[in-house]
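Below: one structure, written as structure tokens.
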Amino acid sequence: LLEVSGAVRRYRIRGQREQLRAVDGIDLTIPKGRTVAIVGESGSGKSTAARLALRLERADAGTIRYRGTDLAGLRGKDLLAYRRAIQPVFQNPYASLDPRYTIAQVISEPLRVHGVGDATTRRKSVETLLDRVALPAAYADRRPHELSGGQRQRVAIARALALDPELVVMDEAVSALDVLVQDQILDLMVSLQRDQGLSYLFISHDLAVVQLVAHHVYVMRAGKIVESGDPATVFHSPQDPYTQQLVAAVPRPRQQAS
């Protein structure tokens with residue numbers, strides 16, 4: 001579905017000659033109907049990789065292909081079609097929803113932007129989308145401040161699904177939620193993937209969460225991919241020293257004193 005080959009993204013740093021390579025020649029593949037995760041510490045380049053996939057930023061070198069088409073060449077209607085096919089869910093459910101909008105306006109905004117339907121059909125779509133993310137239709141007329149963090153993230157997922165995308169990019173989308181709500185959102189992701197064949201690019205620093213949802217994982221450090229494979233292999237038999245450090249740093253339940 002999406003293939004990244006040798007992608008590079010550089011940034012100029014004020015007062016320094018050398019540019020920062022936030023993404024430094026990475027290769028990754030996202031198959032249809034699968035969840036691919038990128039893990040790493042803060043500053044490893046994983047969120048920059050997500051922005052490149054979303055075409056929010058352009059790669060300075062390398063190629064990113066969607067169904068064989070290079071994103072760098074997309075313009076006008078072709079770029080708009082790509083925007084429909086790939087949708088984001090961001091980290092902070094409190095910052096990613098416009099507080100002035102009702103939930104119906106939040107979810108229907110992509111439909112309005114892309115000229116899909118009229119006011120009546122969009123309202124019906126909102127109710128259908130709320131049902132798909134297990135929220136009551138009555139929530140359509142509420143505003144974000146009336147919802148919990150988990151409910152807001154469900155709204156963000158509903159908005160991402162409004163245009164029937166093939167790929168959803170989830171950038172630390174559950175890290176701001178408590179453990180119980182995380183579990184609910186992850187269950188929702190899995191059920192939507194099973195029912196609709198969605199693909200996910202799942203950005204996270206939480207190895208435990210990644211093991212639950214990912215079919216394939218890439219480990220990033222300083223802009224490079226240092227290890228990749230299925231999560232069970234990567235996390236139980238890590239080969240790269242950095243991956244070994246990440247695995248060793250995962251908190252474990254404390255033993256109760258006897």
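Quantities reported herein were computed from a predicted structural model and do not represent experimental measurements.
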Does [X] belong to the same Ile/Leu/Val/Met/Phe/Trp/Tyr cluster as [Y], with side-chain heavy atoms less than 4.5 Å apart forming each link?
X: V219; Y: V4; value: no
X: F235; Y: I38; value: no
X: F202; Y: V168; value: yes
X: V247; Y: I225; value: no
X: V113; Y: V116; value: no

Atom pair [atom1] ([X]) and [atom2] ([Y]), whose distance is rounded to the nearest 0.5 Å:
X: Q19; Y: I13; atom1: CD; atom2: CD1; value: 9.0 Å
X: S44; Y: Y242; atom1: OG; atom2: OH; value: 5.5 Å
X: L161; Y: S125; atom1: CG; atom2: OG; value: 12.0 Å
X: E227; Y: T233; atom1: CD; atom2: OG1; value: 9.5 Å
X: I157; Y: L192; atom1: CD1; atom2: CG; value: 7.0 Å
X: T29; Y: L1; atom1: OG1; atom2: CG; value: 10.5 Å

How close do [X] and [Y] get, heavy atom to heavy atom, and via which atoms?
X: Q91; Y: S175; result: NE2-OG, 3.2 Å
X: P238; Y: T243; result: CB-CG2, 3.6 Å
X: G223; Y: I26; result: O-CG2, 3.3 Å
X: A59; Y: L52; result: N-CD2, 3.6 Å
X: K46; Y: I203; result: CG-CG2, 3.5 Å
X: A160; Y: P88; result: CB-O, 3.8 Å

Side-chain ion pair, R65 and E3, N-O less than 4.0 Å: no

Compute whether any side-chain donor of one residue and acceptor of the other, for [X] and [Y], lie under 3.5 angstrom apart.
X: Q193; Y: T35; result: yes
X: R194; Y: S191; result: no
X: Y94; Y: Q153; result: no
X: D131; Y: T128; result: no
X: E172; Y: H205; result: yes

Sidechain-backbone polar pair: D60 side chain, R10 backbone, donor-acceptor under 3.5 Å:
yes

Here the salt bridge (Lys or Arg N to Asp or Glu O under 4.0 Å) pairs for residues 139-154, sequence neighbours left out, are R123-D141

Sorted by chain and number, sequence neighbours left out, ring-ring contact (aromatic ring centres under 6.0 Å, His included) with Y66 holds for Y82

Exactly one of R67, R84, R34 clears salt bridge (charged side-chain N to carboxylate O under 4.0 Å, His left out) with E166, and that residue is R67

Q) Going by heavy atoms in the side chains, are V234 and P231 under 4.5 Å from each other? A) no

